[in-house]
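Following: one structure in structure tokens, then a few remarks.
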Amino acid sequence: MTGAEQDHACMDRIRVGDPRAVEELYDRHNDLLYSLVRRIVSRAAEAEDVLQETWVQVWRTAGSYDRARGSVCAWLIAMARSRAIDRLRSEGSRRRAAEAAGLDPQGEPASPLDDAAQHERSERMGAALAQLESHHREVLQLAYFGGLSQTEIADHMGTPLGTIKSWTRQALSRLTELVPREEWL
């Protein structure tokens, strides 16, 4: 059974309330999701909170997953990315409110090991992104690091929305070929 088939089977099992199916998806995809979320929110504790919220959302909304719209992995990435961006926006609002009130918002100090691991992940992902075709790379950068929706990307690039969706799927597929799961840690 391929990874995609295993993912679909897990989604079917989650829909009927099998918590072990979430564990299986977690084992297969959490490292990738962590790398993505950590790059967006930058702090380890925030990334872990976002991922916990994401997995709870997977459990609660498994019925909304539609195979025809993309892979389980893409659905998980979109969900984690959305949660991370929400957290980032919320954090920005809290920070602006604290600054307006004259308070000095304290950030979590990063350990040297966290910084080194994040730097390594960023370099690996940067090298993989560099191997993508330019339009694939641009779509991913605008979506995942620029926070744009696919509609906004289509407008920005002057490209039809269907093409943007295809390019996104192709780019994510290529990235999973370039960055093996054992390197997602």
Side-chain angles (χ1 to χ4, degrees), residues 1-91 108 110-111 113-129 132 139-141 143-145 147 149-150 165 168-185:
M1 185 181 293
T2 68
E5 291 168 340
Q6 290 173 335
D7 288 348
H8 289 297
C10 283
M11 292 304 294
D12 292 340
R13 290 174 37 220
I14 292 169
R15 286 186 184 112
V16 296
D18 183 355
R20 284 173 292 199
V22 175
E23 292 173 17
E24 289 177 32
L25 278 180
Y26 178 95
D27 290 342
R28 272 198 298 281
H29 299 289
N30 196 63
D31 292 337
L32 170 66
L33 298 179
Y34 179 81
S35 294
L36 169 68
V37 169
R38 178 69 192 271
R39 185 161 183 168
I40 294 170
V41 299
S42 77
R43 294 187 348 203
E46 290 286 324
E48 290 166 8
D49 287 347
V50 167
L51 282 179
Q52 180 179 1
E53 293 168 8
T54 300
W55 288 110
V56 168
Q57 185 178 0
V58 167
W59 177 255
R60 290 183 179 159
T61 64
S64 70
Y65 170 70
D66 179 4
R67 285 179 199 218
R69 297 190 68 202
S71 70
V72 172
C73 184
W75 183 70
L76 293 170
I77 288 170
M79 192 178 304
R81 177 187 166 273
S82 177
R83 288 247 173 220
I85 289 172
D86 288 348
R87 177 65 63 104
L88 192 62
R89 289 176 180 153
S90 175
E91 178 66 29
E108 169 190 316
S111 77
L113 290 176
D114 284 345
D115 286 345
Q118 177 62 26
H119 180 71
E120 249 182 76
R121 279 190 298 272
S122 293
E123 282 186 355
R124 279 196 304 267
M125 189 55 71
L129 285 169
L132 298 178
V139 166
L140 290 184
Q141 288 172 332
Y144 293 97
F145 308 122
S149 69
Q150 288 185 322
K165 290 180 178 186
T168 302
R169 276 192 308 278
Q170 292 164 358
L172 290 173
S173 177
R174 180 71 176 128
L175 271 183
T176 58
E177 293 171 10
L178 295 170
V179 183
R181 284 198 169 100
E182 60 268 10
E183 293 183 25
W184 292 349
L185 296 172

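- Of all non-hydrogen atoms in Ile14 and Trp59, the two that sit nearest each other are CG2-CE3, 3.9 Å.
- Within the model, atoms OG1 of Thr176 and NE2 of His29 stand 10.0 Å from one another, a figure rounded to the nearest 0.5 Å.
- Nearest heavy-atom pair, Tyr65 versus His8, reported as atom, atom and distance to 0.1 Å: OH-CE1, 2.9 Å.
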Exercise. For Asp86 and Arg83, what are the C-alpha separation, side-chain angles and deciding distance, and is it a salt bridge (Lys or Arg N to Asp or Glu O under 4.0 Å)?
Worked result: CA-CA 5 Å; Asp86 288 348; Arg83 288 247 173 220; 5.8 Å; no
For this session: Step by step, work out the side chain to side chain contact (heavy atoms under 4.5 Å, CB included) result for Arg15 and Asp12.
Result: CA-CA 5 Å; Arg15 286 186 184 112; Asp12 292 340; 2.9 Å; yes
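- Met11 has its side chain out of reach of Arg67: every pair of non-hydrogen atoms, C-beta onward, lies at least 4.5 Å apart.
- Side-chain N or O atoms of Thr54 include one that pairs as donor or acceptor with a backbone N or O of Val50 at under 3.5 Å.
- In this structure, Leu25 and Cys10 approach most closely via the heavy-atom pair CG-CB, 3.8 Å.
- Counting only heavy atoms from C-beta outward, the side chains of Leu32 and Leu36 never approach each other to under 4.5 Å.
- Looking at every heavy atom in both residues, Arg81 comes nearest to Ile40 through CG-CD1, 4.0 Å.
- Taken to the nearest 0.5 Å, the CZ atom of Arg28 stands 12.0 Å off from the CG atom of Leu33.
- Side-chain contact check for Leu51 versus Tyr26: every heavy-atom pair is 4.5 Å or farther apart.
- The CZ atom of Arg38 sits 13.5 Å away from the CG atom of Asp31 when rounded to the nearest 0.5 Å.
- Here Glu177 pairs with Arg174 in a salt bridge; the nearest charged N to carboxylate O distance falls below 4.0 Å.
- Of all non-hydrogen atoms in Ala128 and Leu178, the two that sit nearest each other are O-CD1, 3.5 Å.
- The heavy-atom pair separating Cys73 from Asp7 by the smallest distance is N-OD2, 4.4 Å.
- Under 4.0 Å is where a charged nitrogen must lie from a carboxylate oxygen, and between Asp49 and Arg43 no such pair does.
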Exercise. Given the rule in the side chain to side chain donor-acceptor pair (under 3.5 Å) test, do Tyr34 and Asn30 qualify, once you have shown the distances and angles that lead to the verdict?
Worked result: CA-CA 6 Å; Tyr34 179 81; Asn30 196 63; over 6 Å; no
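- Checked by atom type and distance alone, the side chain of Ser82 never pairs as donor or acceptor with a backbone atom of Met79 at under 3.5 Å.
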